[in-house]
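A note on names: the letters A, B, ... follow the listed sequences, proteins ahead of strands, and every chain is numbered from 1.
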Amino acid sequence: MQDEVAELARRRGFLWQAFEVYGGAAGFYDYGPLGALLKRRVEAAWREFYLREGFYEVETPTVAPRAVFEASGHLESFSDQAVVCRQCRNFFRVAEREEVGEGQRCPECGGELEDAGEFNLMFQTRIGVPRGGGGRGAGGDEKEERRKSEGYLRPETAQGIFLNFPRLLRFNRGKLPFGAFQIGKAYRNEISPRKSLIRLREFTMAEAEVFVDPAEKEKHPRFAAVKEKRLRLVPSAEGEGKGEEKGEGKREGKGGEEGEGGRGGEEKGEEKSVSVEEAVRSGVVANEFLGYHIARVEEFLVEGLGIPRERLKFRQHRGDEMAHYATDCWDAEFFSERYGWMEIVGVADRGDYDLSAHSLSGGGAGTPNVIEPSYGIDRIVYALLESSFYEEQVGKEKRKVLRFKKEVAPVRAAVLPLLKREELKKKARAVFQELRAAGMFVEYDESGSIGRRYRRQDEIGTPFCVTVDYETLEDDTVTVRERDTMKQVRVVVGEVKNVVKLFRDF
RNA sequence: GCGCCGGUAGUGUAGCCUGGUAUCACAGAGGCUUGCCAAGCCCCUAACCCGGGUUCAAAUCCCGGCCGGCGCACCA
């Protein structure tokens, strides 16, 4: 069933395997013409959403010098060798210098260990040419030089914002809280990228970093706007909420525990549907800031993009699955019929981890904390494709339709002459030009029968079809056909732009 | 990364076991027809993942690679 979405996405130019002419490479996709439109619409909606929140956008490099990730903890967190136990399949990191001998035994069950390879999720590169050309046989100084020229592709967009914290604080005239966001590419050299857009090696993230005085986390100035909102929450089983002491211990304790326990919410805490206010008051969600942003995430996904509310829930990370920088984290998970529950957004409380790590407390009293809604744009695009896809019986035919919310639909409308007669084509082209001139991205299509063209537009999720017939030539009205209901209304050409409203109530 | 299975026009497939360069459908281009939901007719375009081996001959058999699916592991 879901493979049909993938098939449609390929056939209609949403999503293509990248580098196909050279045999492909796992974990990379090309967005075709419609996919790129869809993705841009998601990004645009996201940008607008956080601008309305009062945040400013920044853009920072995708490559950064080694020192950045030394400080951020990313280098340490995943550049070790790894071994896996043949018996119990437990996964262990081996400190860099230690022997990864086949002879060593599994500390859990005593089984034989096998080399699981380099565990390094960051792509390494070089920035400029190191003195000595990076050649071998370099002496101590040259080694140092080379180390300095080492660069990595960022595994998250966030670091670029943290590094600018002092400047951003000045930009905001010294006042907390404030937020900054960024949309951009991030890179992780995944061991086995799989599942369509869900695990990519290059992907687009949209991250907002909210800086707040830790003393003010309990009170969000606009909390009232979200407090009634009901959320489907799955708290982690291990005791309610706050991971206050986790921050420190995390950096060392990355031993063998890592590999245990399934992902995707197996070990469930109890799922509950509560208002944001109740969640915060009862301590299920640690503070108002976190609660506020969780609520906003849901609002964006549901009201902004049209992801069905019943296919979303928020699941809290267990201590052992949290990133090294997080003290608390709630994932927005989307239910995929194909892949099960999957993370599409993470809302993390990063505490003061990052600003402290970079020694950028900003000079004020205490180090600000960071609340971070972090969106996986590609995963959201996948969620939209899957949840919008419907197949229905219409007469003897099956109709495939992508029911995108009209705000994200790649093509806004199609203008079609009822028949391929010159006078109709001429008028239809004029209507088409008019809509284009009005700034709507519309298509024109005169090939085949009218029914065929309607279905073609259904498949790519175009919300409206504007049809020019003989009546148009007399009174300048057209029919506007709505995608989901297939109903039509007659509209004066000049009104087509506003027709959207006519269909809102269907 | 490991194991199992797979890779044929744009898409979905037949052929593979039993070697002799390929079936069908849909889609697409053009034409005829067509007064509102994938109608019909004509014509055209279009494929054996890559490399090596066996053979007179490889889509077909063997090996390797790449990619995909599933399971395990991993997903900071």
For [X] and [N], is the shortest distance between a side-chain N/O and OP1 or OP2 below 4.0 Å?
X	N	answer
A/Arg455	B/A27	no
A/Ser449	B/A39	yes
A/Arg10	B/G12	yes
A/Arg452	B/G28	yes
A/Arg456	B/G28	yes
A/Arg338	B/C70	yes

TODO: Kindly indicate whether the side chain of A/Gln488 and the base of B/C36 share any N or O donor-acceptor pair separated by less than 3.5 Å?
DONE: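 Checked by distance alone, the answer is yes.
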Open item on the list: For B/C37, does the base pair up with any side-chain atom of A/Asp458 as donor and acceptor (N or O, under 3.5 Å, distance only)?
Closed with: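 Check fails, no donor-acceptor contact within cut-off.
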Nearest-angstrom distance, [atom1] atom, [N] to [M]:
N	M	atom1	value
B/A46	B/A25	C1'	14 Å
B/C26	B/A39	C1'	15 Å
B/C67	B/U34	C1'	44 Å
B/C43	B/C24	P	14 Å
B/G31	B/G51	P	39 Å

- [ ] Take the protein atom CD of A/Glu459 and the nucleotide atom P of B/G28, then report the distance between them rounded to whole Å.
- [x]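 My rounded result for the distance is 9 Å.
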Open item on the list: Closer than 4.0 angstrom, basic N to acidic O: yes or no for A/Asp445 and A/Arg452?
Closed with: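 Judged by the 4.0 Å cut-off on N to carboxylate O distance, A/Asp445 and A/Arg452 do not form a salt bridge.
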Task: Centroid separation A/Phe334 to A/Tyr382 less than 6.0 Å - done: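 Between A/Phe334 and A/Tyr382, the centre distance exceeds or equals 6.0 Å.
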Open item on the list: Parallel, tilted or perpendicular: which one describes the rings of A/Phe211 and A/Phe165, with boundaries at 30° and 60°?
Closed with: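 A/Phe211 and A/Phe165: tilted rings.
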